[in-house]
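Hydrogens, waters and symmetry mates are skipped; everything else that's a heavy atom, side chains included, is used. Residue numbering restarts at 1 for every chain, and letters A, B, ... go by the order of the sequence lines.
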Amino acid sequence: MRRYPVIVVTREMSRLVREALQAAQTAGKIPEFDLDGVDARASKRAEQGDYSAALMPFARSARISPLQLAQIAVEYLPEAESVSRAEAVAPGYVNLFLSEDWLRSQLEAIYTEADDLYRLQIGQGKRAQVEFVSANPTAPLHIGRSRGAVVGDTMARLLEAAGYDVQREYYFNNAGAQMRNLGNSLRIRYLEALGQTVDLIDSERETFYQGEYLRDFAHELALEKGDAWVNEDYQVFKAYAEQKMFEMIKATLNRVDIHHDIFFNENSLYESGAIWEVLEELDRRGYVYKAAKSAVSDQQGDDEESGGKAEATWFRSSNFGDSKDRVLVKSSGEPTYTLPDIAYHKDKLDRGFDLLINVLGADHYTQYQVVRSGIQALEMDASKIHVIIVQLVAILRGGEAVRMSSRKGDFETLDDLIDQTSADAVRYMLLARSSDTHLNFDLDLAIKKSTENPVYYIQYAHVRCAGIFREAVARGVRVQNPDLNLLGEPELKFLRKVLELGETIELSASAFEPHRIAFYALELANAFHPIFDNVRVLASDVDPAVAQARLYFFGAAQIVFRRVLHLMGMTTPEVM
RNA sequence: GCCCCCAUAGCUCAGAGGAUAGAGCGUUGCCCUCCGGAGGCAAAGGCGCAGGUUCGAUUCCUGCUGGGGGCACCA
């Protein structure tokens with residue numbers, strides 16, 4: 001059995017205050033009332049203790065003043081080695097001060113936990129799946145997609161830290177018209193590569209993928225196959241392009257240390273017949289009808305030109321609050337993407353996960369709601385699905401927005417971005433914002449002034465710790481039985497910040513807000529650097545016993561920074 | 001027209017209904033030259049507007065203003 005010597009401090013402090021109030025209730029000092037909402041938080045100011053609980057909301061239930069309630073809580077507070085002192089303060093706070101001995105003892109816990117530091121139990125025994133990226137395999141990974149990639153992978157890492165068994169999945173959208181267009185575009189490039197001039201017909205002109213990467217594929221193909229494929233139709237080209245695209249996307253993701261466990265092919269939903277089963281099921285429940293136009297449409301008065309056309313198959317999404325019904329099968333007999341999407345989500349639910357996370361771009365939100373309606377129509381448990389909407393990324397160059405279009409090929413890819421900055425910088429910059437705010441990615445800043453990026457400030461903390469140990473080794477200094485009582489207030493101050501990692505992981509994982517770890521990392525670095533500056537280890541005026549304790553401390557600090565950087569998918573450089 | 005997101009320091013952004021709203025960058029002034037220099041300290045500077053709920057609102061609700069995105073028989 002694994003032991004968990006490191007505790008989430010907010011949990012522990014909340015527990016103590018609740019137990020105190022419960023004891024007071026048992027003793028008849030205050031009436032019985034629900035204590036669930038009693039929570040402690042890290043205090044903002046040192047004079048307000050290390051953690052505090054606001055009891056004002058409970059004064060009414062307790063039928064005494066908030067301050068009296070706080071005083072009673074202090075009076076009945078159970079003994080705990082983590083707390084040295086507690087005080088009641090107006091208007092009704094209980095301020096808790098961490099024991100310094102206990103703080104020091106956490107250093108040993110950090111060494112024990114090491115790379116598993118703050119692996120929590122909240123997800124223990126539960127399976128979670130994070131679906132992210134899921135970009136169409138028609139072009140290299142676009143920078144707009146990379147935000148979801150980073151957010152999704154970091155979310156997965158945080159869920160792992162919270163104790164979940166996590167699976168990363170990529171929904172590989174390899175069916176439908178777009179893939180046909182991709183195959184056809186490659187066919188045309190292939191013919192060009194063989195020296196033929198190809199005139200595009202009108203329909204091709206609109207759907208042609210112009211990116212440079214298809215020329216590259218075509219050249220390889222021409223070298224490999226010669227003119228053997230000149231009379232082939234789009235299908236062989238499609239298969240070839242898909243395979244190449246798949247490899248390319250995986251290679252790109254690999255550069256930012258993102259690895260999916262499963263690539264789920266949309267095609268398989270066609271091959272297994274799953275989409276038709278879903279259609280039948282929806283039909284059986286009365287949510288499907290055939291018509292030339294929607295029976296319910298919003299006020300906009302669209303669909304004018306649809307009169308007299310062949311009938312499509314519609315889903316009554318308006319029953320679930322949608323402004324209009326949506327097409328599941330086109331009049332051509334070909335499904336829209338909605339039908340396989342619903343089938344895919346049904347499949348994920350059928351696989352028995354406790355938690356499903358979907359990382360989606362804001363432009364897919366409406367579509368997701370249709371899918372969710374579909375899941376509800378199938379009477380499946382949609383509450384297991386949590387969506388992280390990432391707002392769009394605006395790329396700024398020279399203070400102006402860069403236009404992004406994957407059709408025209410003037411995009412900025414994730415590969416470009418990594419080339420021009422670094423994998424670490426890309427991960428940090430895309431992570432360090434709340435997902436539901438728009439993100440301005442200043443390309444100039446990211447390219448030319450990497451020193452201004454906080455990513456280096458954070459990594460530098462790790463580098464500095466490593467530097468001390470390099471020097472210590474060079475001088476033949478080794479840690480042996482350090483006396484932790486020789487550590488001073490600056491070191492304990494840093495430790496207090498370290499202990500907030502637990503609640504950061506807990507909150508990130510339970511609220512699906514991975515950006516919190518990025519801000520925590522910066523705060524931790526902020527707490528670290530001033531201390532590093534003042535707390536010398538190997539300087540000549542430092543007592544050897546003190547040096548031992550400090551070396552032990554910086555070793556722990558390095559473990560913490562390594563853990564935090566790993567949680568963000570970043571590297572842990574030893575030198576910079 | 002309808003739906004979603006956003007509005008906090010000069011800029012980019014944090015902020016789980018609680019005490020005196022925080023970082024980074026930029027600006028200004030200062031410190032150290034060491035086991036580290038991509039270093040440290042300090043200052044100036046802020047919750048779009050109007051209501052509501054609450055003991056208490058940057059946080060929740062409504063409206064307004066401003067910005068972004070979406071509302072296909074495209075994916």
Side-chain angles (χ1 to χ4, degrees), chain A residues 10 39 41 43-45 47-48 52-54 56-57 59-60 66 89-93 95 135-136 138 173 175-179 207 266 292-294 298-303 306 309-314 321-324 326-332 334-338 341 361-367 369 389 391-392 394 429 432-440 442 445 449-454 456-457 459-460 463-472 474-475 477 503 507 510-511 513 515-516 518-519 522-523 526 529-530 532-534 536-540 542 547 551 554 576:
Chain A
T10 45
D39 277 310
R41 301 262 181 85
S43 306
K44 286 179 188 160
R45 292 163 208 292
E47 65 268 25
Q48 293 167 356
S52 50
M56 291 82 90
R60 190 186 298 269
V89 175
Y93 293 101
N95 291 338
N136 299 334
T138 54
N173 220 288
Q178 51 153 3
M179 293 305 291
T207 58
E266 181 188 8
K293 60 184 290 188
S294 173
D298 53 19
Q299 290 88 324
Q300 209 182 324
D302 46 5
D303 305 352
S306 60
K309 274 200 181 168
E311 294 193 326
T313 305
W314 296 79
D322 201 353
S323 60
K324 64 213 283 185
R326 309 282 168 169
V327 172
L328 293 175
V329 183
K330 304 180 213 170
S331 53
S332 66
E334 197 176 11
T336 63
Y337 54 87
T338 302
D341 251 12
D363 52 341
H364 285 62
Y365 181 69
T366 304
Q367 168 59 13
Q369 291 198 302
I389 297 291
Q391 295 294 324
L392 300 188
M429 291 183 78
R433 315 245 139 148
S434 158
S435 295
D436 56 10
T437 63
H438 300 274
L439 193 160
N440 288 323
D442 188 330
L445 191 74
K449 283 277 195 183
S450 55
T451 61
E452 291 170 13
N453 195 314
Y456 295 96
Y457 190 71
Q459 288 179 317
Y460 190 48
V463 168
R464 285 180 134 180
C465 293
I468 293 183
F469 280 89
R470 263 198 311 279
E471 185 63 26
R475 297 183 184 207
V477 178
E503 60 221 50
L507 190 59
S510 57
E513 294 178 335
H515 70 279
R516 289 175 182 278
F519 285 90
L522 190 56
E523 285 172 17
N526 269 326
H529 287 295
F532 185 88
D533 213 48
N534 292 320
R536 303 292 164 89
V537 178
L538 301 171
S540 55
V542 176
L551 202 52
F554 282 113
M576 281 172 78

Inset, instruction - Considering just the side-chain nitrogens and oxygens of A:R464, establish if one lies under 4.0 Å of OP1 or OP2 belonging to B:A38. - result: no
Inset, instruction - Considering just the side-chain nitrogens and oxygens of A:H515, establish if one lies under 4.0 Å of OP1 or OP2 belonging to B:G15. - result: yes
Legend entry - Phosphate OP1/OP2 of B:G40 contacted by A:Y457 side-chain N/O (<4.0 Å): yes
Legend entry - Partners meeting side-chain contact (heavy atoms from CB on, under 4.5 Å) with A:K44 (sequence neighbours left out): none
Inset, instruction - Look at the side-chain N and O atoms of A:K44 and state whether any lies under 4.0 Å from the OP1 or OP2 oxygen of B:A19. - result: yes
Legend entry - Which residues share a side-chain contact (heavy atoms from CB on, under 4.5 Å) with A:N526, sequence neighbours left out: A:Y457, A:L522
Legend entry - Nearest-nucleotide 5' precedence on RNA chain B, A:G467 against A:A432: A:A432
Legend entry - Out of B:G39, B:C5, B:G69, whichever nucleotide has its closest atom nearest the side chain of A:Q391: B:C5
Inset, instruction - Name the closest nucleotide to the A:Q48 side chain, picking from B:A19, B:A16, B:G70. - result: B:A19
Inset, instruction - Counting heavy atoms from C-beta on, name the nucleotide in B:G69, B:A14, B:G39 closest to the side chain of A:D533. - result: B:G39
Inset, instruction - Check whether any side-chain nitrogen or oxygen of A:N526 sits under 4.0 Å from OP1 or OP2 of B:G24, and answer yes or no. - result: yes
Legend entry - Phosphate contact (B:A14 OP1 or OP2) by A:T437 side-chain N/O below 4.0 Å: yes
Legend entry - Separation of B:A23 P from A:R433 CZ (nearest whole Å): 18 Å
Inset, instruction - Applying side-chain contact (heavy atoms from CB on, under 4.5 Å) between A:V477 and each of A:I468, A:V537, A:L551, report the one that passes. - result: A:L551
Inset, instruction - Could you give the distance separating B:U8 and B:G67 at their P atoms, to the nearest angstrom? - result: 14 Å
Legend entry - Pairing residues for A:A59 by the side-chain contact (heavy atoms from CB on, under 4.5 Å) criterion, not counting sequence neighbours: A:P66
Inset, instruction - Just compare B:A19, B:A75, B:C5 and give me whichever is closest to any side-chain atom of A:V89. - result: B:A19
Legend entry - Proximity to the side chain of A:K324 - top-ranked nucleotide from B:A72, B:G39, B:G68: B:A72
Inset, instruction - For B:A14 and B:C47, measure between their C1' atoms and round to the nearest Å. - result: 13 Å
Inset, instruction - Select base, sugar-phosphate, or nothing to describe what A:L328 touches, counting heavy atoms under 4.0 Å on all strands. - result: nothing
Inset, instruction - Among B:G40, B:C73, B:G24, find the nucleotide with the atom closest to the side chain of A:L522. - result: B:G24
Inset, instruction - Quickly work out the A:Q369 CD to B:C71 C1' distance and round it to whole Å. - result: 11 Å
Inset, instruction - Tell whether A:D363 reaches the base of B:A75 with its side chain through a donor-acceptor pair below 3.5 angstrom. - result: no
Legend entry - Nearest-neighbour nucleotide for the A:T366 side chain, B:C13, B:G70, B:A75 considered: B:G70
Legend entry - Contacts of type ring-ring contact (aromatic ring centres under 6.0 Å, His included), residue A:Y460, not counting sequence neighbours: A:H529
Inset, instruction - Indicate, with a heavy-atom threshold strictly under 4.0 Å, whether A:P91 touches base, sugar-phosphate, or nothing. - result: nothing
Legend entry - A:R60 CZ to B:G56 C1', straight-line distance once rounded to whole Å: 12 Å
Legend entry - Nearest-angstrom distance, C1' atom, B:A9 to B:U58: 14 Å
Inset, instruction - Classify the nucleic acid contact of A:L507 as base, sugar-phosphate or nothing, counting any heavy atom under 4.0 Å across all strands shown. - result: base
Legend entry - Candidates B:C35, B:C5, B:A16 - which lies nearest the side chain of A:L538: B:C35
Inset, instruction - Heavy atoms only: give me the nearest A:A292-A:E311 pair and the separation to one decimal. - result: N-CG, 4.0 Å
Inset, instruction - Would you mind classifying the nucleic acid contact of A:S52 as base, sugar-phosphate or nothing, using non-hydrogen atoms under 4.0 angstrom? - result: base
Inset, instruction - Using distance alone, with no hydrogens and no angle criterion, decide if A:T138 and A:N136 have a side-chain donor and acceptor under 3.5 Å apart. - result: no
Inset, instruction - Record whether the side chain of A:S331 comes under 3.5 Å of the base of B:C73 through a donor-acceptor pair of N or O atoms. - result: yes
Inset, instruction - For A:R475 and for A:N95, find the nucleotide of RNA chain B with the closest heavy atom, then tell me which residue's nucleotide is more 5'. - result: A:N95
Legend entry - Short side-chain N/O contact to B:A75 OP1/OP2 from A:K330, under 4.0 Å: yes
Inset, instruction - Would you mind reading off the distance between A:E266 atom CD and B:C74 atom C1', rounded to a whole angstrom? - result: 12 Å
Inset, instruction - Give one of base, sugar-phosphate or nothing for A:L392, where a contact means two heavy atoms less than 4.0 Å apart. - result: sugar-phosphate
Inset, instruction - To the nearest Å, give me how far apart CG (A:N440) and C1' (B:G67) are. - result: 11 Å
Inset, instruction - Let me know the distance between OH of A:Y365 and P of B:G70, rounded to the nearest Å. - result: 15 Å
Inset, instruction - Please confirm whether any donor atom in the side chain of A:Y337 sits under 3.5 Å from an acceptor in the base of B:A75, or the reverse. - result: yes
Legend entry - Pairwise C1' distance for B:A43 and B:G10, with rounding to whole Å: 16 Å
Legend entry - Nearest-angstrom distance, P atom, B:A23 to B:G40: 13 Å
Inset, instruction - Please work out if A:R516 contacts a base, only the sugar-phosphate, or nothing of the nucleic acid, heavy-atom cut-off 4.0 Å. - result: sugar-phosphate
Inset, instruction - Would you classify A:E513 as touching base, sugar-phosphate or nothing, given that sugar-phosphate means primed atoms plus P, OP1 and OP2, and contacts are heavy atoms under 4.0 Å? - result: nothing
Legend entry - Exam field: side chain A:S52 to backbone A:S43, donor-acceptor pair closer than 3.5 Å: no
Inset, instruction - Please determine, for the side chain of A:P530, which listed nucleotide (B:A75, B:C41, B:G68) has the closest atom? - result: B:C41
Inset, instruction - Please work out the stems of RNA chain B from pairs that are Watson-Crick or G-U wobble with both distances under 3.5 Å, keeping only runs of three or more consecutive pairs. - result: B:1-7 with B:65-71, B:10-13 with B:22-25, B:27-31 with B:39-43, B:48-52 with B:60-64
Inset, instruction - May I have the distance from A:Q367 (atom CD) to B:A75 (atom P), rounded to whole angstrom? - result: 9 Å
Legend entry - Check: A:E266 side chain, A:G176 main-chain N or O, donor-acceptor pair, under 3.5 Å: no
Inset, instruction - Classify the nucleic acid contact of A:R536 as base, sugar-phosphate or nothing, counting any heavy atom under 4.0 Å across all strands shown. - result: base
Inset, instruction - Take atom CD1 of A:I389 and atom C1' of B:G70, then tell me their distance rounded to the nearest Å. - result: 11 Å
Legend entry - Interatomic spacing from CD in A:E513 to OG in A:S435 - rounded to 0.5 Å: 8.0 Å
Inset, instruction - Please measure how far the P atom in B:C49 lies from the corresponding atom in B:U65, and state the result in whole Å. - result: 16 Å
Legend entry - B:C64 versus B:C25 - spacing of their P atoms, nearest Å: 40 Å
Legend entry - A:D341-A:Q367 side chain donor-acceptor pair, cut-off 3.5 Å: yes
Legend entry - With sequence neighbours excluded, residues passing side-chain contact (heavy atoms from CB on, under 4.5 Å) with A:V329: A:W276, A:L279, A:T313, A:L339
Legend entry - Distance, C1' atom - from B:A21 to B:G56, rounded to whole angstrom: 15 Å
Legend entry - Proximity to the side chain of A:H438 - top-ranked nucleotide from B:G39, B:G67, B:G24: B:G67
